[in-house]
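Chain naming here is simple, since letters A, B, ... match the order of the sequence lines and numbering starts at 1 in each.
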Amino acid sequence: MKFNQRTHTCGELREDNIDQHIVLNGWVDTRRDLGGVIFIDLRDRYGITQVVFEPSYNQDAHEIGKELRGEFVVSIEGKVRRRPEGTENLELPTGLVDIMVDKIVILNKALTPPFQIKDNLDVNEDIRLKYRYLDLRRTDMQNNMVLRHKMYQSVRKYFDENSFVEIETPVLMKSTPEGARDFLVPSRIHKGRFYALPQSPQQYKQLLMVSGFDRYFQVVKCFRDEDLRADRQPEFTQIDVEMSFVDTEDIYSMMEGLMKKLFKEIKGYDLQTPIPRLTFDDAMEKYGSDKPDLRFGLEMVTLNDVFKETEFKVFKDTLDNEGVITGFVASGCGDYTRNQLDVLTDYTKKLGAGGLIWMRVKEDGLEAPIAKFLSETEKEQLVASMNAKPGDLLLIVSGPKLKTLSITGSLRLEMAKRMEIIDKNSEPKLLWVTDFPLLEWDDETRRYYAMHHPFTSPHIEDVELLGTDPGKVRARAYDLVLDGNEIAGGSIRIHDSKLQALMFKSLGISKEEADHKFGFLMNAFKYGAPPHGGIAFGFDRLAMLFAGKDSIREVIAFPKTSSGMSLMDESPSTVDDAQLKELHIKIR
RNA sequence: GGGGUCGUAGUUCAGUUGGUUAGAACGUCGGCCUGUCACGCCGAAGGUCGCGAGUUCGAGUCUCGUCGGCCCCGCCA
């Protein structure tokens, strides 16, 4: 099939091109056959151009034009003409002109697609995923992919300008069963042995610091075999960063530079720096979350002091057990019905709270089921310390500290949604959350786990607490939060093998175990490891937020469903017995 | 592992208390139409009601199981 290659794209032609003889290649977007004249909207990823078949202009072309259907791939040759007065389409950038066709070649016919290739598509996601190649033909999705591409370029340019080196690290590596579940890859050559896919290139990038690379970054695929969410896929992309001879402040300012550049180049927005900071403890107390959404208020208030003398049993028990009484004011929600409040109570209980205490603020006091258990002083202090006004609703939860703060934080988000006070067009709210706890107690296994990872450096002044009160040790770890989403996390690492040994001891990891799991890293540190630290961005999440979407699947070309399936190629799939045999694997 | 929700034409949905031949819109196909751009008008085709049992004279509708989508909890160093 002979055809001429395009001289222009479908988004390109303007008044300047009038009377030129041009060639366009593309897909038939829509066809409007008026009996005599036929209009075709020809589409490629650059735009749409109207193509005209008129019998009096070219009989042969018009005959072929009649056969055209949606999504046919065609090459057309013709003359650019100014559209007749009154028929311009100002919605289209190319709308002042159209093409009078001299020659058309149908390069390929197409089946009727299972859904229309158009924006603001109303079709279920499983159909889109099964025919992802058609979904990606839509302008919406093409824009998302291009946005993502532009973000890669800005990121790479920024790090290159700042003397970072991009280095690829292995995708087949050693399994480290701390943290997320690994994807395993059986070795054919070494019977009974497995590679793991990296959860992150953490150890490699630290080794690169030992090697003297000083400033490293990588746009890198990572893999975690955990359950999915709207913002979590089993394979995802990180912007992985590590720097030598730095402290937290150096990381903050370098990353703030990156965010400034990204916001400027992608969104045309001037991000003000420095980005505000909040310690983990403060974030939990005020927002009940380590990734607070600051686009709205509903700040939580700790009420322990108000109820320190209370006779109300629920609160008294909480205080006796070093728990927390916390709550917030839902302003103007004093008219919530009993039914609505029951739904909220149910929501809170499902998250694990004992219950939800609500009070309507009236002109003459508090209206609540528990009001009779509270003294007048308590009621007055409660209203004063929460700064509540008549017409407001108070929502209060009590119980074990961290859990209760977190549940109330979820309720805060839920209320913001119900009250519709999250402005999607508001200025982006960025925030560093700092001073995470180094260790986290696990009731099930009755041991501490590293909240971040076992190479995270504690605050120097907290080191001695490692032996006495490990839960109190603060880490030199930080997350970057954008509008309630964790978009990056990192830490200053331990570069001193004695401190690392102490850390392993606190985690209950024996010397032998540490050697077995991380020996190569510990060995490397004996040969002159510089102080270093780094951070990793969840690139898909960042792209999702920049694109204004609610799911990272919208910015990933070929994502998995929430059960980890690919509906298009139907993976994961079974394999031949012969393949399994080669890998020395039997299915139980 | 658990909770919620959904599954009916190619697509998005409606479908009453369990009751005649399961509807609409868009799309598709055919006819008419020379300035449309969501073209218009006329007509037609198109259904394993996700799948499998059960209850019933009778199931899209009720029950149980199962598969799949989405959201959430757990999980995600």
* Asked: Is there a donor and acceptor pair, one atom on the side chain of Arg83(A) and one on the base of U36(B), closer than 3.5 Å?
  -> yes
* Is there a Watson-Crick or G-U wobble partner for G60(B) with both distances under 3.5 Å, and which nucleotide is it? -> none
* With heavy atoms under 4.0 Å as the rule, sort Arg493(A) into base, sugar-phosphate or nothing. => nothing
* base_contact_polar (G30(B) base, Arg69(A) side chain, donor-acceptor, <3.5 Å) -> no
* Does Arg32(A) have a side-chain nitrogen or oxygen under 4.0 Å from the phosphate oxygens OP1 or OP2 of U36(B)? -> no
* For the base of G35(B), is there a side-chain donor-acceptor partner from Asp98(A) under 3.5 Å away? -> yes
* Please give the nucleotide sitting opposite A25(B) as a Watson-Crick or G-U wobble pair, both distances under 3.5 Å, or none. => U11(B)
* C76(B) base / Arg224(A) side chain donor-acceptor hit below 3.5 Å -> no
* Between Glu226(A) and Arg232(A), is the closest basic N to carboxylate O distance under 4.0 Å? -> no
* Compare side-chain N and O positions of Arg128(A) against OP1 and OP2 of U12(B) and report whether any pair is under 4.0 Å apart. => no
* Please determine if a side-chain N or O atom of Thr112(A) lies less than 4.0 Å away from the OP1 or OP2 oxygen of U28(B). => no
* Check whether any side-chain N or O of Asn124(A) sits under 4.0 Å from OP1 or OP2 of U12(B), and answer yes or no. => yes
* Asked: Which residue lies toward the 5' end of RNA chain B, Pro113(A) or Asp41(A), if each is placed at its nearest nucleotide?
  -> Pro113(A)
* To do: Take atom C1' in G23(B) and the same atom in A38(B), then report the distance between them in whole Å.
  => 24 Å
* Base, sugar-phosphate alone, or nothing: which one does Asp122(A) contact when heavy atoms must sit under 4.0 Å apart? -> sugar-phosphate
* Ignoring hydrogens and angles, state whether a donor on the side chain of Asp281(A) or Thr279(A) is under 3.5 Å from an acceptor on the partner side chain. => no
* For the side chain of Gln50(A), counting heavy atoms from C-beta on, which of U11(B), C33(B), U36(B) is nearest? -> U36(B)
* Asked: Can you tell me how far P of G35(B) sits from CZ of Phe39(A), to the nearest Å?
  -> 8 Å
* Asked: Could you give the CD-to-C1' distance, from Glu570(A) to G69(B), as a whole number of Å?
  -> 14 Å
* **Short side-chain N/O contact from Ser563(A) to OP1 or OP2 of G68(B), under 4.0 Å** => no
* To do: Would you mind telling me which of G10(B), U36(B), C71(B) lies closest to the side-chain atoms of Ala230(A)?
  => C71(B)
* Quick one: is G27(B) close enough that its OP1 or OP2 comes under 4.0 Å of any side-chain N or O from Arg31(A)? -> no
* In whole angstrom, what separates Leu42(A)'s CG from U36(B)'s C1'? -> 16 Å
* Asked: Under 4.0 angstrom, heavy atoms only, what part of the nucleic acid is Glu88(A) near: base, sugar-phosphate, or nothing?
  -> base
* Asked: Have Arg493(A) and Ser457(A) got a donor and an acceptor in their side chains that come within less than 3.5 Å?
  -> no
* To do: Decide yes or no, distance alone: a donor-acceptor N/O pair under 3.5 angstrom between the base of G74(B) and the side-chain of Arg229(A).
  => yes
* Asked: Side chains of Arg138(A) and Gln116(A): do they bring a donor and an acceptor to under 3.5 Å?
  -> no
* Asked: Nearest of G74(B), G35(B), G69(B) to any side-chain atom of Arg232(A)?
  -> G74(B)
* Any salt bridge between Glu71(A) and Lys109(A), counting N to O under 4.0 Å? -> no
* Among G35(B), C76(B), C70(B), the one nearest Glu125(A) by side-chain distance -> C70(B)
* Give a yes/no answer on whether the side chain of Thr561(A) brings an N or O atom under 4.0 Å of OP1 or OP2 in G69(B). => yes
* **Spacing of Tyr195(A) atom OH and Ser175(A) atom OG [to the nearest 0.5 Å]** => 13.5 Å
* Is Asp227(A) side chain donor-acceptor paired with the C75(B) base, going by distance under 3.5 Å alone? -> no
* Does a salt bridge link Glu512(A) with Lys517(A), judged by any charged N lying under 4.0 Å from a carboxylate O? -> no
* Counting Watson-Crick and G-U wobble pairs only, both distances under 3.5 Å, name the nucleotide matched with C41(B), or none. => G31(B)
